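First the structure, in the form of structure tokens, and then the observations on it.
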Protein chains: 2
Amino acid sequence: MKKVNDESSTVIELCSKSNAITRKLDGNLGAIHGIGFIEYMVLHHLNESPQLLMRRIDLADSLGRSASGVTKMLNPLEKIGLVSKEVNPRDARVSLVKLTASGLKTYQQASNSLNQVAVGIFQRIKPAEIQRIQDLFNRLVV
Amino acid sequence: MKKVNDESSTVIELCSKSNAITRKLDGNLGAIHGIGFIEYMVLHHLNESPQLLMRRIDLADSLGRSASGVTKMLNPLEKIGLVSKEVNPRDARVSLVKLTASGLKTYQQASNSLNQVAVGIFQRIKPAEIQRIQDLFNRLVV
DNA sequence: TCTTTTTACTTGAATAGTGCAGTATATGTA
DNA sequence: TACATATACTGCACTATTCAAGTAAAAAGA
């Protein structure tokens with residue numbers, strides 16, 4: 001008697017691996033650069049966006065986290081000067097987050113560490129397949 | 001100027017999706033069955049193992065979580081009777097976790113909910129590709 | 001215009017998760 | 001045997017994350 005379908009067991013595997021990877025990277029980045037993996041992801045998404053600028057709500061979506069989680073997480077990052085708060089003249093509700101010069105520098109350094117660890121994680125998977133995985137992720141409906 | 005390699009951006013995507021999925025399933029399972037997704041995963045791994053029995057440390061590995069995290073999480077599950085604590089006569093250090101009859105029932109019911117949600121998540125991906133993803137996950141080195 | 005609804009964000013209370021230190025048991029080695 | 005090291009687990013202090021409630025501004029509708 002089968003209890004879960006293929007989709008479910010894949011979801012379970014996905015989240016287990018993600019937990020393990022997050023823990024590993026938290027330790028790695030934390031020891032070397034003083035930020036966790038989630039903080040790294042903030043810097044990454046800012047770096048990818050035009051003008052290094054994002055709305056908090058879009059950041060929450062990109063990270064798969066709640067709005068309040070983003071608010072709280074950003075406080076320490078502002079305090080240590082990796083990001084700054086900007087206003088949107090068109091809409092007074094939004095509070096934009098910007099990557100500072102210092103944040104960019106930390107991002108670039110931490111990226112080197114991440115690159116090494118990430119290569120280790122995918123060492124048994126061919127480059128073409130990595131591309132393929134990423135394509136599949138983009139088609140997930142969450 | 002490229003900052004992160006393909007491996008890194010795939011890791012970032014993986015963890016973002018996992019966060020979003022976890023949040024979605026926490027809400028879904030919590031509302032209907034009174035357990036979060038992580039608790040569901042505990043029941044799932046116990047159900048998959050022989051005699052419905054696991055060591056706490058192996059459970060932690062399967063979940064990608066710390067040993068103390070498992071200890072803490074298991075307390076409420078024992079209190080509501082979904083799992084029970086067993087001793088290992090061969091090794092007094094280990095404390096085994098067993099899926100109870102009540103836990104099995106909850107697991108089976110929650111699996112129905114999960115199956116539905118999981119199908120929705122993979123709706124744009126072909127069955128053959130789902131198999132493929134799972135195979136790739138098993139080859140990750142974490 | 002005035003009112004309702006939606007959106008963006010923040011705060012507080014509660015919960016969850018971590019690392020580290022400590023305990024107890026088992027294993028390896030001389 | 002004795003001793004050092006490794007393993008399994010737990011408790012504690014700290015950090016992180018969430019939900020629900022609240023504020024304020026924008027958009028939509030009458």
Side-chain angles (χ1 to χ4, degrees), chain A residues 15-16 18-32 34-42 53-80 83-98, chain B residues 15-16 18-32 34-42 53-80 83-98:
Chain A
C15 293
S16 297
S18 166
N19 288 340
I21 290 171
T22 298
R23 261 157 49 75
K24 179 175 195 163
L25 287 171
D26 268 345
N28 202 294
L29 297 175
I32 306 175
I35 56 172
F37 183 40
I38 240 313
E39 282 79 24
Y40 174 84
M41 286 206 274
V42 169
L53 209 61
M54 281 182 88
R55 303 191 312 162
R56 286 157 132 77
I57 191 75
D58 295 330
L59 204 40
D61 277 350
S62 300
L63 299 168
R65 286 232 143 80
S66 68
S68 63
V70 167
T71 294
K72 295 199 157 138
M73 173 178 45
L74 250 29
N75 284 332
L77 285 184
E78 284 170 24
K79 222 167 270 173
I80 61 177
V83 304
S84 62
K85 199 181 267 191
E86 311 279 331
V87 297
N88 180 348
R90 298 267 177 190
D91 187 338
R93 288 170 305 180
V94 325
S95 161
L96 298 165
V97 192
K98 179 162 193 172
Chain B
C15 293
S16 296
S18 166
N19 288 340
I21 291 171
T22 299
R23 261 158 48 75
K24 180 176 193 162
L25 287 171
D26 268 346
N28 201 294
L29 296 176
I32 307 177
I35 57 173
F37 184 40
I38 226 352
E39 282 79 23
Y40 174 84
M41 286 206 274
V42 169
L53 210 59
M54 281 182 89
R55 304 190 312 161
R56 285 157 132 79
I57 191 76
D58 295 330
L59 205 39
D61 277 350
S62 301
L63 299 169
R65 286 232 145 77
S66 68
S68 62
V70 167
T71 295
K72 279 189 109 165
M73 174 177 44
L74 250 29
N75 284 333
L77 285 184
E78 284 169 23
K79 223 167 270 174
I80 60 175
V83 305
S84 61
K85 199 180 268 191
E86 312 279 331
V87 297
N88 180 350
R90 298 268 178 190
D91 187 339
R93 289 171 305 180
V94 325
S95 160
L96 299 165
V97 191
K98 180 162 192 172

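Because only heavy atoms are used, hydrogens play no part in the values below, and waters and symmetry mates are left out as well, while side chains stay in. The shown structure was predicted, so the numbers you read here are calculated from the model rather than taken from an experiment.
Between A/L59 atom CG and C/dA8 atom P the separation is 14 Å, expressed in whole Å. Summarising the geometry, the separation between CE on A/M73 and P on C/dT10 is reported as 12 Å, rounded to the nearest angstrom. Rounded to whole angstrom, the span from the CD1 atom of A/I57 across to the P atom of C/dT6 amounts to 16 Å. The nearest whole Å value for the distance from the CG atom in B/L74 to the P atom in C/dG17 is 12 Å. In this entry the distance linking CD of A/E78 with C1' of C/dT10 reads 12 Å, nearest Å. What separates CG of A/L77 from P of D/dT17 is a distance of 11 Å, to the nearest Å. As a whole-Å value, the separation of B/N19 CG from C/dA16 P is 17 Å. A/L96 has its CG atom 8 Å from the P atom of C/dC9, to the nearest Å.
At a threshold of 4.5 Å between non-hydrogen side-chain atoms, the residues B/R65 and B/I38 count as touching.
With hydrogens and angles ignored, a donor-acceptor pair closer than 3.5 Å exists between the side chain of A/S68 and the base of D/dC19. At a cut-off of 3.5 angstrom, counting only N and O atoms as typed in the model, there is a donor on one side and an acceptor on the other between the side-chain of A/K72 and the base of D/dT18.
A/S62 and A/M54 make their closest contact through OG-CE, 3.8 Å (heavy atoms, listed as atom of the first residue, atom of the second, distance). In plain terms, the two heavy atoms of A/I57 and A/A67 that are nearest each other are CD1-CB, 4.4 Å.
Between B/R90 and C/dT25 there is no side-chain polar atom (N or O) within less than 4.0 angstrom of OP1 or OP2. For the pair A/R23 and C/dG19, the criterion of a side-chain N or O lying under 4.0 Å from OP1 or OP2 is met. Phosphate proximity of D/dT10 to B/K85: present, with a side-chain N or O under 4.0 Å from OP1 or OP2. Residue A/T71 has a polar side-chain atom (N or O) positioned under 4.0 Å from OP1 or OP2 of C/dT10. At the phosphate of C/dA16, neither OP1 nor OP2 sits under 4.0 Å from any side-chain N or O atom of B/R65.
Without hydrogens or angle criteria, B/R55 side chain to B/V94 main chain gives no donor-acceptor distance under 3.5 Å.
Across C/dC9, D/dC9, C/dT18, the shortest atom-to-atom separation from the side chain of B/S66 is found for C/dT18. Which of C/dT7, C/dC9, C/dA24 sits closest to the side chain of B/R93 comes down to C/dA24.
Nearest-nucleotide mapping onto DNA chain D: of A/P76 and B/D58, the residue sitting toward the 5' end is B/D58. Both B/S95 and A/P89 lie close to DNA chain D; mapped to their nearest nucleotides by heavy-atom distance, the more 5′-ward contact belongs to B/S95.
Interatomic distance, CG of B/L77 versus CE of B/M73, reported as 7.0 Å (0.5 Å rounding).
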